[in-house]
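Data block below; observations after.
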Amino acid sequence: MDAALAHRALLKHDEVMKASMASRSRPISVTWLLVVLIVGLAIAVEAGHWFAFWLVEQLPFPVMFAIGTSLPTAIPALFALVVVIFVGSLQNWAVRRAYLRNFPKLGIPTEIDAQFEILPEGLRLTTDRITIFPKWQAIDRVERLAVGWVLSADQLTFLIPRASFADEPAERKFITALVGKLSPEARERSLEAAALADGSGLA
């Protein structure tokens, strides 16, 4: 049998993340985001001034003289901040949508039937396309989110959806077995998972 062709490389997390985003994302036009931002800021400033002057007229005289002069500046600035936050969330949505829409082009399925196995050596994730087998010392943290349990293993991230469990006892049993394999350091970083395993947490 021929010897396997091997290659060693130093993987840096920031470089892996940048390469992953660059290869899986598709460019999005920022023109419409810029238009929304400019129009939104113009409306925010105009509406902010109108609202500020209206609000000043409603205030008692002592309050009006105390803070009234600052309202025409503070309120438009606050409205502008709301617009910036909204446009930022809109950009994140656009990037996420473009990222997912590029999957078919790359031949990546958007849904995969996966099996997680807790083995003595590590956690094995098996699909009909790939098998990943991180060792227990590689799992850094188990975190509970609304959608499920997120496992971080070096530069990999795994999601075990909560909806995939038949019921709460099944979820508790699996997470308890999982937590039992973690290193003490990883267990300390996985407070909710450890609490569930100890019986003090609610699924």
Side-chain angles (χ1 to χ4, degrees), residues 12-106 108-112 140-152 155-165 168 171 175 188-196 200-203:
K12 299 182 179 180
H13 186 68
D14 59 337
E15 294 178 349
V16 172
M17 290 294 295
K18 290 178 182 178
S20 175
M21 292 299 296
S23 66
R24 296 189 179 188
S25 297
R26 57 193 303 176
I28 63 172
S29 174
V30 297
T31 303
W32 67 274
L33 284 171
L34 185 60
V35 170
V36 171
L37 179 60
I38 293 175
V39 173
L41 288 176
I43 294 175
V45 171
E46 185 66 26
H49 281 126
W50 179 87
F51 181 76
F53 286 119
W54 174 85
L55 182 60
V56 167
E57 294 176 351
Q58 313 305 313
L59 297 175
F61 279 105
V63 178
M64 179 189 302
F65 286 111
I67 65 172
T69 56
S70 62
L71 291 181
T73 301
I75 291 181
L78 180 61
F79 280 23
L81 176 62
V82 172
V83 170
V84 170
I85 294 174
F86 171 75
V87 173
S89 64
L90 197 63
Q91 181 184 23
N92 289 336
W93 170 83
V95 171
R96 183 167 59 251
R97 182 170 178 265
Y99 187 85
L100 291 176
R101 288 182 62 185
N102 203 32
F103 275 25
K105 176 183 175 181
L106 298 174
I108 303 174
T110 56
E111 293 184 357
I112 301 176
D140 311 302
R141 183 183 183 188
V142 180
E143 181 181 10
R144 184 173 69 174
L145 301 180
V147 67
W149 296 93
V150 178
L151 285 68
S152 300
Q155 297 171 355
L156 301 175
T157 301
F158 304 91
L159 170 66
I160 306 178
R162 299 189 69 195
S164 63
F165 294 102
E168 182 179 323
E171 179 181 5
I175 298 302
E188 291 179 1
R189 290 188 290 265
S190 310
L191 297 180
E192 289 182 296
L196 181 64
S200 58
L202 297 177

Looking at Arg162 and Ala146, what are the two nearest heavy atoms and their distance?
CD-O, 4.1 Å
Just checking Glu46: does its CD atom have more than 12 heavy atoms from other residues, nucleotides or ligands closer to it than 6.0 angstrom?
no
Residue pair Ala193 / Val142: nearest heavy atoms and the distance that separates them
CB-CG1, 3.9 Å
Between Ala94 and Trp32, the two heavy atoms sitting closest are CB-CZ2, 3.9 Å
For Phe158, which residues count as a ring pair (Phe, Tyr, Trp, His ring centres under 6.0 Å) partner, sequence neighbours excluded?
none
Please identify each residue that fulfils side chain to side chain contact (heavy atoms under 4.5 Å, CB included) with Val84, with sequence neighbours left out.
Leu37, Leu41
Quick one: pull up CD1 in Ile108 and CG in Asn102 and give me the separation to the nearest 0.5 Å.
7.5 Å
Pairwise distance CH2(Trp54) to CG(Leu71) - rounded to 0.5 angstrom:
11.5 Å
Please give me the minimum heavy-atom distance between Pro161 and Leu159, naming the atom from each residue.
CD-O, 3.5 Å
Do Phe165 and Ile160 come within less than 4.5 Å of each other through their side chains, counting heavy atoms only?
yes
Do you know which two heavy atoms are closest between Ala52 and Pro72, and how far apart they sit?
CB-CA, 3.7 Å
As a quick check of understanding, evaluate side chain to side chain contact (heavy atoms under 4.5 Å, CB included) for Leu196 and Trp149, giving each step before the final call.
CA-CA 12 Å; Leu196 181 64; Trp149 296 93; 3.4 Å; yes
What closest approach, in Å, do Gly48 and Pro76 show between heavy atoms, and which atom pair accounts for it?
C-CG, 3.6 Å
Between Arg141 (side chain only) and Arg189 (backbone N and O only), is there a donor and an acceptor less than 3.5 Å apart?
yes
Using the side chain to side chain contact (heavy atoms under 4.5 Å, CB included) criterion, which residues pair with Glu188? Sequence neighbours excluded.
none
